[in-house]
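Data block below; observations after.
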Amino acid sequence: MLLLQFQAGGERYGLDIRQIIEVAPLICLRKIPHAVREVAGTFNYRGTLVPVLDVTDLLTGVPSRSLMSTRIILVDYPGDDGRRHILGLLAESVTEMVRCRPEDRQAPVVAVSEAPYLGDILFDERGSLQILELARFLTKELLFSLFPPEVLSP
C-alpha cells in the first residue's frame with residue numbers, strides 16, 4: 001500500500017493513495033458563514049463546487065497554517081447515501097509518499113469514539129504514522145452539512 005503523508009500537530013498521518021483524486025496547491029477558499037470550524041470553505045474544482053475540511057483543525061483543534069507545503073488533497077469520498085463525493089482535505093506538510101507493508105502496521109491500542117477515522121499505525125525508521133480511514137472521516141451530521149440532501153437528490 002502507498003500512503004500520502006502529511007502532518008498535523010507534529011504527528012505524521014497518511015491516506016491511501018487509491019482514494020486520492022489529485023493534490024492541489026493551497027488556494028483562496030470561499031468561507032462559509034456559520035459552518036463548523038473544521039470546514040475551511042469551498043472552491044471550484046473543474047466546474048464542481050467542492051467543500052474543504054481542515055484536517056489539521058479536525059485532528060488538533062488548530063487551523064492549518066498557510067505554508068509552502070500546505071495542500072488541498074482531493075479525495076473520492078464514499079457517502080452513506082451510496083454516492084461518491086469529491087471532498088477537499090486541507091493539510092500541512094503534504095510532501096511525500098510512504099510505502100506501507102502489511103506487517104509494518106499495528107492496530108491502535110486506544111479506540112477513540114469521537115475519532116473513528118483513526119486507523120492502523122505504521123512504524124518505520126522515522127517513527128509512527130497513523131493511517132486515516134477515509135470512509136469513517138465524516139460524521140453523519142458533517143456529511144449532510146457538506147453534502148445536503150437537496151443537493152444529492154436527482
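Starting from 1, each residue takes its place in the sequence as its number. When reading the values below, keep in mind they use all heavy atoms of this one structure, side chains included, and skip hydrogens, waters and symmetry mates.
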Find out whether Leu89 and Val75 are in side-chain contact, i.e. whether some heavy atom of one side chain is under 4.5 Å from a heavy atom of the other. yes
Tell me, please, which residues at least two apart from Glu133 pass side chain to side chain donor-acceptor pair (under 3.5 Å). none
Checking Ser64 now: which residues fulfil side chain to side chain donor-acceptor pair (under 3.5 Å) with it, not counting sequence neighbours? Asp54, Thr56
Rounded to the nearest 0.5 Å, the CD1 atom of Ile86 sits from the OG1 atom of Thr48 at a distance of 5.0 Å
Does any non-hydrogen side-chain atom of Leu90 lie less than 4.5 Å from one of Leu53? no
Who pairs with Glu22 by salt bridge (charged side-chain N to carboxylate O under 4.0 Å, His left out), at least two apart in sequence or on another chain? Arg46
Please report the closest heavy-atom contact between Leu122 and Cys100, naming both atoms and the distance. CD1-SG, 3.9 Å
Side chain to side chain, Ile73 and Leu15, heavy atoms closer than 4.5 Å: yes
Where Ala8 and Thr60 come nearest, the two heavy atoms and their spacing: C-CG2, 3.8 Å
In chain order, what residues pass the salt bridge (charged side-chain N to carboxylate O under 4.0 Å, His left out) check against Arg105, with sequence neighbours excluded? Asp120
Examine distances only and state if a side-chain atom of Arg126 and a backbone atom of Phe123 form a donor-acceptor pair shorter than 3.5 Å. no
Separation of Arg71 CZ from Thr95 OG1 (nearest 0.5 Å): 9.5 Å
Would a hydrophobic clustering, with Ile, Leu, Val, Met, Phe, Trp and Tyr connected at side-chain separations under 4.5 Å, put Leu118 with Val55? yes
Can you name the nearest heavy-atom pair linking Val23 to Ile20, along with the distance? CG2-CG2, 4.2 Å
Side-chain donor/acceptor of Asp16 to backbone N/O of Gln19, under 3.5 Å: no
Contacts of Glu92 meeting side chain to side chain donor-acceptor pair (under 3.5 Å) (sequence neighbours excluded), chain-then-number -> Arg65
Write down the atom of Val50, the atom of Gly88, and the distance for their closest heavy-atom approach. CG1-N, 3.6 Å
Going only through I, L, V, M, F, W and Y residues with side-chain contacts under 4.5 Å, is there a path from Leu74 to Tyr13? no
So do the side chains of Phe43 and Leu49 get within less than 4.5 Å of each other, counting heavy atoms only? no
Hey, quick one: are Leu129 and Leu4 part of the same hydrophobic cluster, counting side-chain heavy atoms closer than 4.5 Å, chains of contacts allowed? no
Just wondering, do Tyr45 and Ile27 contact through their side chains at under 4.5 Å, heavy atoms? no
Distance, nearest 0.5 Å, that separates CD of Gln7 from OG1 of Thr70: 10.5 Å
Charged N to carboxylate O under 4.0 angstrom, Asp124 versus Arg12? yes
Heavy-atom closest contact (Gln130 atom, Ile121 atom, distance): NE2-CG1, 3.8 Å
CG-OG distance between Leu26 and Ser69, expressed to the nearest 0.5 angstrom: 10.0 Å
Same cluster (ILVMFWY, side-chain, under 4.5 Å), Ile21 and Ile72: yes
Using the rule that Ile, Leu, Val, Met, Phe, Trp and Tyr join whenever any side-chain heavy atoms are under 4.5 Å apart, tell me whether Leu58 and Val36 fall into a single cluster. yes
Min side-chain heavy-atom separation Tyr117-Leu134 under 4.5 Å: no
Could you report the tightest heavy-atom contact between Pro51 and Thr42, atom names first, then the distance? CA-CG2, 3.9 Å
Just how far is it from atom CG of Leu29 to atom NZ of Lys31, taken to the nearest 0.5 Å? 6.0 Å
In Å and rounded to the nearest 0.5 Å, what is the CE to CG distance from Met97 to Leu2? 5.0 Å
Going by the rule side chain to side chain donor-acceptor pair (under 3.5 Å), which residues pair with Glu103 if we only count those two or more places apart in sequence or in a different chain? Arg101
